[in-house]
**Student:** 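Mind having a look at this structure? Questions to follow.
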Amino acid sequence: CFSMTQCFFEYETQRIVVIRSRKVSLINRLIQLAILSYVIGWVFVWKKGYQEFDSIISSVTTKVKGIALTNASHQGLRVWDVADYVIPPQEETSFFVMTNLIITPNQTQGSTKCIHLRDNSTICTSDSNCTAGFTDVHSNGVQTGKCVNFSGDVRTCEVRAWCPLENDLNLPRPALLKDAENFTVLIKNSIRFPKFNFNKRNILPQVKTSYLKQCIFNRVTDPNCPIFRLGDIVREAQEDFQKTAVEGGVMGIQINWDCDLDQSQNKCVPIYSFRRLDNKDPENNVAPGYNFRFAKYYKGPGEEESRTLIKAYGIRFDVMVFGKAGRFNIIPTMINIGSGLALLGVATVLCDCIVLTFMKKKTFYRLKKYKYVDDYERVNSTTYK
Amino acid sequence: CFSMTQCFFEYETQRIVVIRSRKVSLINRLIQLAILSYVIGWVFVWKKGYQEFDSIISSVTTKVKGIALTNASHQGLRVWDVADYVIPPQEETSFFVMTNLIITPNQTQGSTKCIHLRDNSTICTSDSNCTAGFTDVHSNGVQTGKCVNFSGDVRTCEVRAWCPLENDLNLPRPALLKDAENFTVLIKNSIRFPKFNFNKRNILPQVKTSYLKQCIFNRVTDPNCPIFRLGDIVREAQEDFQKTAVEGGVMGIQINWDCDLDQSQNKCVPIYSFRRLDNKDPENNVAPGYNFRFAKYYKGPGEEESRTLIKAYGIRFDVMVFGKAGRFNIIPTMINIGSGLALLGVATVLCDCIVLTFMKKKTFYRLKKYKYVDDYERVNSTTYK
Amino acid sequence: CFSMTQCFFEYETQRIVVIRSRKVSLINRLIQLAILSYVIGWVFVWKKGYQEFDSIISSVTTKVKGIALTNASHQGLRVWDVADYVIPPQEETSFFVMTNLIITPNQTQGSTKCIHLRDNSTICTSDSNCTAGFTDVHSNGVQTGKCVNFSGDVRTCEVRAWCPLENDLNLPRPALLKDAENFTVLIKNSIRFPKFNFNKRNILPQVKTSYLKQCIFNRVTDPNCPIFRLGDIVREAQEDFQKTAVEGGVMGIQINWDCDLDQSQNKCVPIYSFRRLDNKDPENNVAPGYNFRFAKYYKGPGEEESRTLIKAYGIRFDVMVFGKAGRFNIIPTMINIGSGLALLGVATVLCDCIVLTFMKKKTFYRLKKYKYVDDYERVNSTTYK
C-alpha cells in the first residue's frame, strides 16, 4: 500500500499451503491436541488460570477454658484457672498456656546478697577469683567481688541480685499442670479478601448456637466446631502432650482458606491442621522447648518490695491463617489464552520440521511451501532446486 | 536451506494475500481496534500491566490517651488512666481498651472451699451427686464431692477454687468506662516495599509537629491526622460505641497503601477505613463480644496470697496494614505485550472465518489464499476446485 | 475444506518467501538474537521465569538474657533481670526491652486529690477557672472545680486522679538501664512454604549445640549464630544505642529467606538485616521514641489499693520475616515461552518493515511477498504494480 487510506482498506492474510496427507495431518492434530489439552486441562482446569487471586486478611480471637488442680509439696493443693495460666491474658493471634513452672518466692533486693551456684565458672578459692561488677549473659546477678562459703569446702562468688536465686535444675516431671491436656480453646477467625470485598468467619452460618455451646472439634465427626481440646491439637501434630508439657513448645494451628469464589460460598470453608513449630530435637539446638520468666511484685508492710519469680514453661499456640481466593478475571484469562495460542503456533513449527526433514516427499512439500528469492539475480526462482 | 551457513543467510517471511475489499478490511480493523483497546485500555491503563508489584512490610505503634471516671456502688468514685485500662500495656499491632469489667476482689485459695451457683448442673441433693475431683470446661473449680447448702432448700456441689467465685451474671449497663468513647489513639505506621527499597510513614512529610499535637482524624477536614477518637472509629464502622462497650468487640483499623511508584511519592498516602471484625449477631454465635480474665495478685501480712480477678470486657483494635506498590518493570510489560500480539493474531483468524465462510466471493478469496497440495497425485493443484 | 472429516485430514502451513540476502538476513538474525537473549537471559536466568513462587509462613520465639545494675538516687543500687525489663514477658513476633523509666511510687485514689502542674492550661486564679468534671486528652485526672495553691503565688486546678501525679519532665540521661547494650537475644525462627511443603529453621543443621551456647552473631565471623547482642543490632542500623535508649525506639530485625528450591537446600539460609522503624527526626513528629505506661498494684494492710506507675521507655524489636521460595513449574515456564515466541514473531514484523520500506529492492521483495487481490475486478493481480 502506498498511502494511509489505501492501506486502511486493505486486508492482509497469510497464504497457506494445504497439504492433503493423512500422515502429516495426523501428526499435526496430535501435537495440537497435546497443546490444547495442556492449556485447557492443566492451566485452566487444574491451576484455574482464568482466575485472579487475592491473599487473605485475617483477625483471630481466642478464649481458653479449663481448671487444673496441682499438688506440689511446697504449695499444697492449688487450683489454677485461666487468669493464672494464660500469660499475657490476651494476645493478637496466639495464646500461651502454662503447663509447668518453677516458682522462686520472696525474692528481695537491697542489702541482701546471695550466692550463685549454677556451674563451675562461679566457683572460687579467694576474692581474687571474683571481679566486682562482673556479669555475663548466663549469670543471674552482678558479682560483688567477694568469695564466700557455699557448702562444705565449696566457695562461690557472691552476687548482688534478686535473692534467693532461682534454682531451675529440677524441672517437675510430669508437668505440674498436666491437666492442661483437657483445656479447650475457642478460636474465632474472621477473614477478608479485600480485592473481592468478601468476608467470612470460621463459625459457619449453618452452625447453631446450641451446638457451639457443647461441641469439641473432631476431624471426622465435628469438622466445623471452632472449639479445640489442647490435647487433640498436640496429638494431631504427632506429638505427646505430656512430654511436650514438661519443657514447653510452640504449636501451629493452621487455618487454611482456599476459596473458589466462582462457586458457591458454602464451599469456602476453613481447613484446620496442626504442626509443631519448634525443634524438639536435642541435637543442634539451644534452649529447647518454650519458657520465659515473669514476676509478681509485692510490697511488705515496711514498703520493702519483694517478688515471686516464675519461670513458666508451656505451649504457645500460634494461630496461622493463610489461604487465597480466586475469581474469574479477564486479564489472567487473556494472558493464558494468548500464551496458549502462541503455543498452538508451535504445533505448525514442529510439524513443518517433521514434514520438511523426515518425510519421503520432503522436496515436493518444500517446493510448495517456499518460494526462493535470490538477491543476486533478478529471476523468479520458484523452480530453484 | 541445506547447510547451517546457507540457512543463516536466508530470511524467511510469510507470503501474504492483500485483499482490497472495503467490507473485509473494515471488519478486520474493527476487530483489531477492539483487541488493541482491550490490551491498552484495560491491561495497561486500568490494571497497570506494565508494572511489577510488591507487597507491604509494616510496623505499627499505638499510644492511647484519656481519663475515665466511674462511680460504681462498691468502689466509689474512681479514676482510670491508660495504665489501668490498656491490657497488656503494649502489643505489636493491636491494642485493647477495657470498657466494662466485673471485679471479684479478695479471692483466696488453700483451706477455703466455696459453693458454685452457675447453672442447674451443679445442684445436688446429696453427696452422691457430686464427684470428688470432677471438673468440666464450664466450671470454675474442682468438686470436693460434698453437697452443701446454698440458700434455703437449694444445695449445690462444693468446689475447690479461688473463692469467692466470680458472679458474671450482672454485667454493668451502661458500660462502666463509657467515657472511653472520647479516648484518643495515636497510630504510627511505618511501611516498606522491600523490592523497591521504598519506605514511608503515615505521618506525612508536610504535616507539622504543632498540628499533630492537637489534631483529631476526620475524613473530611483532617484526613492526614494519625490521631483517632475511639468513638469516631466505631461510628465509621456503622456501630454504636455505647452498645459495643458493654460486651466488647473487635474493631479493624485498616490502613491501605496503594502506591504507584511511577508517579510522585506524594500521592502514596494511607487510606484509613474501619470495620467491625467480630460477629455481633446473637444467632449462630458463642461468647459474643470480646472479654478475657486476668488477675492482680497480692500478699497479705501473713504471706497468704490473694488476688483480684477481673473479667475485662472491651474493644480490641487490630491495626491491619495492607496494600501494594507498583513500578514499571520490563518483564510484566513484555509478557502483556506478547499476549497482546498473540491476541492480535486472533483478528486475522476471525476475519478469515468471516471472509472465507460468509462472503459471497468466498470461493474466489479461498483460491487466492490457499494452495492445495494433494498427497496422492503428484500434480500441482493450485487450480483444484 | 468442505466437510469436517476432509478438514481433519488437511495440514495447513504458511507459504514462505525465502529471501537470500545477506543484508536482510543479518538484520533479521540480530533482532532475533536480541529477543532471544532478553527472553533467556533476563526472564529465565535473572528473574527465574520458569519458577512458581510461594510466600512465607513464619513463627518466631525470642529469649532475652542479661543483667543491668542501676544506681538511681531514690532507689539505691538495684539489679534488673529479664522478668523486670521485658514487658510483657512474651509476645508473638516482637519483644520490648525497657532501657529507661520514670517511676511514680505509692499512687493512691479515693479521698485524695492532687494538684496538676504540667502546663499553663491548668493555672488558675479562682475556682471559676476550673470546671468540675472537666478532662482532656492531655490531663492526668478529672478536675474537681477547685483552684488550690501550688507553690508561692501559683495556683492550679485540683484534679481527682492517682495521686501524686507523675512528673515525666526529667527523663534520666544517660538511660538508667544503659547496660542493656550488652543484653543478648536468642531468636528462633521456623519458616514454611506451604505450596512446596518445605520447612526450615534459622538454626541451620550444621550448627552444633556447643557452638550455640557461646556464640554471638557477627556478620563476618558468625553469620549463622541466632544470638544477637542488642548493641550490635542498633549499631548495624546506623544508630547510637545510648542515644536511642533514653527516649526509646522501634527497631526492625529483618530476616530474609530467598530460597531457590531447585538448588540445594543448604543454600536456603536466612539473611539478617537491621533497620530503625520509627522516625527519630524531631521535625514533623509527635511523641518521638517509644514508651508506654504500666502499673504494679499493691494492697496495704487496710485493704487500700496503691500502685507504682512506671513510664517505660525502651526499644521494641520487631522481628519481620519475609522472603519467597521458587521452584520449577510448567505453567509460568509455558507462559513465558509463549510470550517469548510471540515476541520472536516481532522480529519478522520489524524486518519486513525494514526490507519493504528502506531497501533498494523493496518493490522486488514486495512483489514476491504480496499477492494483491482486487475486489472490484475479477482478475488475478499478482503482477499489479
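Each chain gets a letter, A, B and so on, in the order the sequences are listed, and its residues count up from 1. Computed from heavy atoms alone, side chains included, the values below leave out hydrogens, waters and symmetry copies.
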**Student:** Quick one, A:Y11 and B:C351 - any side-chain contact, counting heavy atoms below 4.5 Å?
**Tutor:** yes
**Student:** Less than 4.5 Å to any heavy atom of chain B: does that hold for the side chain of A:K296, its backbone, both, or neither?
**Tutor:** side chain
**Student:** Go through it in stages, so that I can follow the logic: the residues are A:Y298 and B:E305, the test is side-chain contact (heavy atoms from CB on, under 4.5 Å), and I'd like the CA-CA distance, side-chain angles, deciding distance and then a yes or no.
**Tutor:** CA-CA 10 Å; A:Y298 304 105; B:E305 195 179 14; 3.4 Å; yes
**Student:** Side chains of B:T348 and A:Q14: is there a donor and an acceptor less than 3.5 Å apart?
**Tutor:** no
**Student:** Regarding B:N291 and A:K63, is there a side-chain donor-to-acceptor distance under 3.5 Å anywhere?
**Tutor:** yes
**Student:** Quick one: are B:R316 and A:S59 in side-chain contact, heavy atoms under 4.5 Å?
**Tutor:** yes
**Student:** If you count the non-hydrogen atoms of other residues, nucleotides and ligands that lie under 6.0 Å from NZ in A:K195, is the total more than 12?
**Tutor:** yes
**Student:** Counting only non-hydrogen atoms closer than 4.5 Å, does A:I330 touch chain B with its backbone (N, CA, C, O), its side chain (CB onward), both, or neither?
**Tutor:** both
**Student:** Begin from the C-alpha positions of B:V17 and A:E12 and carry the test side-chain contact (heavy atoms from CB on, under 4.5 Å) through to its verdict.
**Tutor:** CA-CA 6 Å; B:V17 188; A:E12 296 188 354; over 6 Å; no
**Student:** Got A:D84 and B:W162 here, is their nearest side-chain heavy-atom distance under 4.5 Å?
**Tutor:** yes
**Student:** Between A:L186 and chain B, which part of the residue has a heavy atom less than 4.5 Å away: side chain, backbone, both or neither?
**Tutor:** side chain
**Student:** Counting C-beta onward and ignoring hydrogens, is there a side-chain heavy-atom pair between B:Q254 and A:R192 closer than 4.5 Å?
**Tutor:** yes
